[in-house]
> 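Here you go, one structure.
Ligands are counted one by one from 1 in listed order, and the atoms in each one are counted from 1 as well. Since the structure is predicted, the reported quantities are computational estimates derived from the model, not experimental observations.
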Amino acid sequence: MKLPVLYVVIPCYNEEQVLPVTSGLFFEKIHALVKAEKISPESRVLFVNDGSKDETWPIIRKLSEENECCEGICLSRNRGHQNALLAGLMTARCYADVTISIDCDGQDDINAMDEMIDHYHKGMDVVYGVRSKRDTDTWFKRTTAESFYKLMNALGAQTVYNHADYRLMSRRALDGLAQFKEVNLFLRGLVPLVGYPSSIVTYERAERMAGESHYPLKKMLSFAFDGITSLSVKPIRLITALGFFISFVSILAILWVLGTKLFGQTVSGWSSMVSAIFFMGGVQLLCLGVIGEYIGKIYNETKARPRFLISESTLPQRRQDNE
Ligand code: UDP
Ligand code: MG
């Protein structure tokens, strides 16, 4: 049997403190998997430099000169975690039979890769790494992240609970993913839509080995909002339902107003008027905002700008197929 070529795809943004610590661990893992005859000796670690402002790219280039199993690509500028990951996966698709994506900060247990590869050999196209517990995250990060998954699913964007972007994908699944042309990328929600046989591997999440998280609360909230509006039209439906409900309440209110008028008890209803105006104004603005969000997405999609551009690469040229 021919052993599969594995590419471990790792997006890096300003990770000069982390790379020297974790890169060795990734290389060792590749060597161990090759030795165990689970993957081909052609397997590689592919770092994606997401337009870092520090020494990340020189470090990656040096690592790739020193280690045969290390390669790197450099994006033309910072495009964010999801786009960097896509750039890596779409590049790896031209060289590998199977890819595993993982963050470079060592938070995700690399030993789960063995089990992922076993699942791949059993015929799985997608294997999701799922955190069994998040003791090492702060209480705040844990609660916000968990409520995020719950909200996403409640709103109809199906994601795998407690799964970030640590996952194995076969070439077939990547070819499927390549056909999703959307610019508003939310890979966690897209990969389940690709389909094919999939399974789950659980692992414990550790603390970041060095450096700091790039996802403060503000970025997390916008990520959550993006995810929901990219994958679900439920918020628009909720607005429609709210509209119906308010119309119904208004009919009751009109009946009540007519009743009081007919039976001669008209009072100067200043407070009820003003509160109704405020309330309706608020509801309408909110609804416009949500609808505007979707229109903004359509605007970006119609422009169909490239999702990433690669400026440098240590890989040998293969078929030009970045999209
Ligand atoms: N990252 C990236 N581009 C960005 C922000 C982050 O490629 O604009 C990478 C980062 O280097 C890391 C991964 O995405 O490998 C996850 O980021 P981080 O660890 O900061 O997020 P957290 O684990 O705290 O959610
Ligand atoms: Mg992290």
> Looking at every non-hydrogen atom in both residues, tell me the closest pair between S43 and I30 and how far apart they are.
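Taking S43 first and I30 second, the nearest heavy atoms are O-CG2, 4.1 Å.
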> Which atom names give the shortest non-hydrogen contact between E312 and R61, and what distance separates them?
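Between these two residues, the closest heavy atoms are OE1-NH1, 3.1 Å.
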> Find all atoms of ligand 1 within a distance of less than 4.0 Å from any non-hydrogen atom belonging to D105, and give their numbers and elements.
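So the atoms of ligand 1 that pass are 19 (O), 23 (O).
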> What protein heavy atom sits nearest atom 25 (O) of ligand 1, and how far away is it?
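Answer, as residue, atom name and distance: K141 NZ, 3.3 Å.
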> May I ask you to identify the nearest protein heavy atom to atom 23 (O) of ligand 1, giving residue, atom name and distance to one decimal place in Å?
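The protein heavy atom lying closest is Q107 OE1, 2.9 Å.
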> Between Y95 and R44, is there a cation-pi geometry (under 6.0 Å to ring centre, at most 45° from the normal)?
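No, R44 does not sit over the ring of Y95.
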> To make sure I understand the geometry: which N, O or S atom in D105 is closest to the Mg ion (ligand 2)?
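Looking at D105, the N, O or S atom with the least distance to the Mg ion (ligand 2) is OD2.
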> Say whether K53 and N78, considering side chains only, have a donor N or O and an acceptor N or O under 3.5 Å apart.
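K53 vs N78: no donor-acceptor pair found between side chains.
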> Can you sort out which atoms of ligand 1 are near E15, meaning under 4.0 Å from one of its heavy atoms?
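Near E15, meaning under 4.0 Å from one of its heavy atoms, ligand 1 has 10 (C), 11 (O), 12 (C), 15 (O).
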> Just to confirm my output: which protein heavy-atom neighbour is closest to atom 20 (O) of ligand 1, and how far is it?
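Closest protein heavy atom to atom 20 (O) of ligand 1: H214 N, 2.5 Å.
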> Please state which protein non-hydrogen atom is closest to atom 14 (O) of ligand 1 and give its distance, to 0.1 Å?
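The closest one turns out to be H81 CD2, 3.2 Å.
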> Any ion pair linking E66 and K62 (charged N to carboxylate O, less than 4.0 Å)?
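The answer is yes: the pair qualifies as a salt bridge.
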> Given L85, I102, D50, N49, identify the one with the heavy atom nearest to atom 4 (C) of ligand 1.
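Ranked by closest heavy atom to atom 4 (C) of ligand 1, first place is D50.
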> Checking side chain to side chain contact (heavy atoms under 4.5 Å, CB included) for the pair F26/I102: CA distance, chi angles, key distance, verdict?
CA-CA 10 Å; F26 293 120; I102 187 168; 3.8 Å; yes
> List the closest protein heavy-atom neighbour of atom 1 (N) of ligand 1: residue, atom name, distance to the nearest 0.1 Å.
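In this structure, atom 1 (N) of ligand 1 has Y13 CB, 3.7 Å as its nearest protein heavy atom.
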> Between K2 and S40, does any side-chain donor sit less than 3.5 Å from a side-chain acceptor?
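Side chains of K2 and S40: no pair found under 3.5 Å.
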> So which protein heavy atom does atom 24 (O) of ligand 1 come closest to, and at what separation?
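Scanning the protein heavy atoms, the shortest distance from atom 24 (O) of ligand 1 goes to S213 OG, 2.6 Å.
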> Which of parallel (below 30°), tilted (30 to 60°) and perpendicular (above 60°) describes F47 and F27?
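Answer is perpendicular, since the angle exceeds 60°.
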> Is the closest N or O pair between P11 and ligand 1 shorter than 3.5 Å?
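There is such a contact, yes.
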> Quick check: does D103 have an N/O/S atom under 2.8 Å of the Mg ion (ligand 2)?
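Given the 2.8 Å cut-off, D103 does not count as a ligand of the Mg ion (ligand 2).
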> For T314 and S64, which heavy atoms make the closest approach, and how far apart are they?
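Scanning both residues, the minimum pair turns out to be CG2-OG, 3.5 Å.
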> Go through the steps to decide whether D103 and Y166 satisfy the test side-chain hydrogen bond (donor to acceptor under 3.5 Å, both in side chains), and finish with yes or no.
CA-CA 7 Å; D103 291 350; Y166 185 18; over 6 Å; no
> Counting heavy atoms only, which part of I10 comes closer than 4.0 Å to ligand 1: side chain, backbone, both or neither?
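I10 to ligand 1: no contact under 4.0 Å from either part.
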> Measuring from atom 13 (C) of ligand 1, which candidate in D103, V48, L19 has the nearest non-hydrogen atom?
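Nearest option to atom 13 (C) of ligand 1, by heavy atoms: D103.
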> Is it true that the side chains of N49 and E15 contain a donor and an acceptor less than 3.5 Å apart?
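No - no donor-acceptor pair under 3.5 Å links their side chains.
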> What protein heavy atom sits nearest atom 21 (O) of ligand 1, and how far away is it?
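Result: Y215 CD1, 3.3 Å.
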> Write out the residue and atom name of the closest protein heavy atom to atom 18 (P) of ligand 1, then the distance separating them to 0.1 Å.
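For atom 18 (P) of ligand 1, the nearest protein heavy atom is R208 NH2, 3.4 Å.
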> With a 4.0 Å heavy-atom cut-off (strictly under), which part of R79 contacts ligand 1: side chain, backbone, both or neither?
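Contact part for R79 vs ligand 1: neither.
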> Report, in ascending order of atom number, the atoms of ligand 1 lying under 4.0 Å from any heavy atom of C104.
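What qualifies from ligand 1 is 15 (O).
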